[in-house]
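Structure first, commentary second.
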Amino acid sequence: MIVVLRPDTSREQRDQLIGWLKAQNVDVHISEGKVYTVLGLVGNTGNIDEELVESLSIVDSVKHVSEPFKKSNRKFHPENTVVRVGNAVFGDGACTLIAGPCAPGNPDEMTALAKKLKKAGAAVFKADMFAHTMSPYDSGNRLGSCVEVLSEVKKATGLAIAAEVMDAAQIERADCADILMVGRRNMGNLELLRELGRSDRPVILRRDRSAELKELLMSAEYIMAGGNENVILCESGIRTFESYTRNTMDMSALPLLHELSHLPVIAEPCRATGLSRLTYSMSMAAAACGADGIMLDVCEDPMKAPYDGGQMITTEQFEKTAFGIRSIREVMR
């Protein structure tokens, strides 16, 4: 249930109503817009007298929400959520760039790469801190923790660091990461999501390639229910019958998620298609679809990457892509 307050409602009147609503054993989510204040009621609202609430002089309207996701729902929070991490901002209308390799190399190489990416427009440097692959026989699983490498990059460049965590125990170990990422296969890892809800760091939540948008938003709900509302949704491609690409980039998800939710939405073209030659066009399309950010896999020489080299672009290609994204957004403005 949603209670929309009139613009002339005083803080004392608002707090009095919130206190009464909480006494009915429901949680109240407060969203203050430019004109209206929206109270989102989460829990069993069956005992609340809807007609009584609607009759109050400070109440503009009372609405029901049929979707199972509440805190991430735009009806509960009409204004966009803006997530700020260092100099990186998601949700303010800009298209923020996240870039880096799938797995870090040595500190000198990674620092040099990060400096080039920052110069080209990246605001966040990302890498898999606890590297892994789909196969237990690939080299990625033996790379281990790269916390020290990413700490050096952060110190040398000032860039925010985004790193994937795969279980609750890794959250504390990833102390150098400013943004914690959830991989596609862990979108339904409820224990991990609950622990991330207790964290004070922003979370990038990747959509599983077999998940509906409602399921993605319900995963975000688990994080937000724990108290962490700095969630960034990520479209990383979905599984279809097409076999020429690893997955199909679901461009319709970007505007749809903005319609359904107030959370920032970013796109991950490299991981979606698995083909570096499609990255530029997919990035342009994502920028045109209103992505709040684009995450790209970049390294100096994809041929030497320990795994996933086919989806990585070079620093030169990143510069071209970053320029194209800025141009697209300028045209849209």
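Since the model is a prediction, treat every value here as computed from it, not as a measurement.
- Checking side-chain atoms of Glu235 against main-chain N and O of Gly237 turns up a donor-acceptor pair under 3.5 Å.
- Rounded to the nearest 0.5 angstrom, Leu205 CG and Ile232 CD1 are separated by 10.5 Å.
- Between the side chain of Asn230 and the backbone N or O of Val83, no donor-acceptor pair lies under 3.5 Å.
- In the hydrophobic cluster analysis, where Ile, Leu, Val, Met, Phe, Trp and Tyr join through side-chain heavy atoms closer than 4.5 angstrom, Met224 is grouped together with Leu260.
- Checked by atom type and distance alone, the side chain of Asn186 never pairs as donor or acceptor with a backbone atom of Val182 at under 3.5 Å.
- Counting heavy atoms from C-beta on, the side chains of Asn25 and Asn47 never come closer than 4.5 Å.
- For the pair Lys320 and Tyr280, the cation-pi test (distance below 6.0 Å, angle within 45°) is passed.
- Nearest heavy atoms, Val165 versus Leu192: O-CD2, 3.7 Å.
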Exercise. Take Glu268 and Arg271 through the salt bridge (Lys or Arg N to Asp or Glu O under 4.0 Å) test and state the conclusion after the steps.
Key: CA-CA 6 Å; Glu268 193 174 23; Arg271 197 158 297 204; 3.4 Å; yes
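- Pairing each heavy atom of Ala287 with each of Met332, the nearest pair is O-SD, 3.4 Å.
- When the side chains of ILVMFWY residues are joined at heavy-atom separations under 4.5 Å, either directly or via intervening members, Met1 and Leu17 end up in a single hydrophobic cluster.
- Between Arg84 and Asp92, none of the side-chain N atoms (NZ, or NE/NH1/NH2) sits under 4.0 Å from a carboxylate O, so this pair counts as no salt bridge.
- For Glu164 and Lys126, the salt-bridge test fails: no basic side-chain N is under 4.0 Å from an acidic carboxylate O.
- Residues Arg14 and Glu32 are paired through a salt bridge, judged by an N-O separation under 4.0 Å between the basic side chain and the carboxylate.
- Heavy atoms only, all atoms of each residue included: Ala291 and Leu254 are closest at CB-CD1, 4.2 Å.
- A salt bridge is absent between Glu215 and Arg207: the closest approach of a Lys/Arg side-chain nitrogen to an acidic carboxylate oxygen does not fall below 4.0 angstrom.
- Taking a cutoff of 4.0 Å between a charged side-chain nitrogen and a carboxylate oxygen, Arg194 and Glu191 do not qualify as a salt bridge.
- The side-chain heavy atoms of Val124 and Ile179, taken from C-beta on, include a pair separated by under 4.5 Å.
- Residues Asp292 and His258 have side chains in contact (heavy-atom distance under 4.5 Å, counting atoms from C-beta outward).
- Between Thr279 atom OG1 and Ile294 atom CD1 the span is 10.5 Å, to the nearest 0.5 Å.
- At a threshold of 4.0 Å, the pair Glu330-Arg333 counts as salt-bridged, since one of the basic side-chain nitrogens sits closer than that to a carboxylate oxygen.
- Around CD of Glu242, the count of heavy atoms belonging to other residues, nucleotides or ligands within 6.0 Å exceeds 12.
- Formation of a donor-acceptor pair under 3.5 Å by the Lys70 side chain with backbone atoms of Glu67 is found in this model.
- Side-chain contact between Cys299 and Phe318: absent, with no pair of heavy atoms (C-beta onward) separated by less than 4.5 Å.
- By the 6.0 Å contact criterion, CD on Glu79 is enclosed, its count of non-hydrogen atoms from other residues, nucleotides or ligands being greater than 12.
- Proximity of a side-chain donor or acceptor of Lys22 to a complementary backbone N or O of Val28 within less than 3.5 Å is not detected.
- The CZ atom of Arg11 sits 8.0 Å away from the OG1 atom of Thr37 when rounded to the nearest 0.5 Å.
- Taking CG of Leu233 as the reference point, atom CG of Leu217 lies at 6.0 Å (rounded to 0.5 Å).
- Contact check for Val53 versus Trp20: side-chain heavy atoms found under the 4.5 Å cut-off.
- When all heavy atoms of Val85 and Pro202 are compared, the pair lying nearest together is CG2-CG, 3.5 Å.
- Judged by distance alone, with hydrogens and angles left aside, the side-chain atoms of Arg184 form a donor-acceptor pair with the main-chain N or O of Ser236 at under 3.5 Å.
- Judged by distance alone, with hydrogens and angles left aside, the side-chain atoms of Asp297 form no donor-acceptor pair with the main-chain N or O of Cys270 at under 3.5 Å.
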Quiz item: Step by step, would you call Lys116 with Glu300 a side chain to side chain contact (heavy atoms under 4.5 Å, CB included)?
Solution: CA-CA 10 Å; Lys116 288 183 179 181; Glu300 291 289 5; 2.9 Å; yes
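- With contacts defined as side-chain heavy-atom distances shorter than 4.5 Å, the pair Ile30/Leu39 qualifies.
- Aromatic ring orientation, His262 versus His77: parallel (interplanar angle below 30°, classes split at 30° and 60°).
- No more than 12 heavy atoms of other residues, nucleotides or ligands sit less than 6.0 Å from atom OH of Tyr222.
- Across every non-hydrogen atom of Gly91 and Val82, the tightest pair is O-CG2, 3.6 Å.
- Taking the side chain as every heavy atom from C-beta outward, Leu216 and Met187 approach each other to under 4.5 Å.
- Of the charged side-chain nitrogens involved, none lies within less than 4.0 Å of a carboxylate oxygen, so that Arg74 and Glu259 do not count as a salt-bridged pair.
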Quiz item: Could you walk me through whether Asn247 and Thr273 pass the side chain to side chain contact (heavy atoms under 4.5 Å, CB included) check?
Solution: CA-CA 5 Å; Asn247 295 294; Thr273 67; over 6 Å; no
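- Considering all non-hydrogen atoms of both residues, Tyr36 and Leu5 come closest at CD2-O, 3.1 Å.
- Proximity of a side-chain donor or acceptor of Asp108 to a complementary backbone N or O of Thr111 within less than 3.5 Å is not detected.
- Atoms CD and OG, from Gln317 and Ser283 in turn, are 10.5 Å apart once rounded to the nearest 0.5 Å.
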Quiz item: For Thr248 and Thr240, what are the C-alpha separation, side-chain angles and deciding distance, and is it a side-chain hydrogen bond (donor to acceptor under 3.5 Å, both in side chains)?
Solution: CA-CA 6 Å; Thr248 297; Thr240 67; 2.7 Å; yes
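- Under the 4.5 Å side-chain criterion, counting only non-hydrogen atoms from C-beta, Thr9 is in contact with Arg6.
- Note that CE of Met110 and CG of Leu117 are 9.5 Å apart. Values are rounded to the nearest 0.5 Å.
- Counting only distance, with no hydrogens or angles, the side chain of Ser10 and the backbone of Gln13 share a donor-acceptor pair below 3.5 Å.
- Side-chain atoms of Ser261 come within 3.5 Å of backbone N or O of Ser72 as a donor-acceptor pair.
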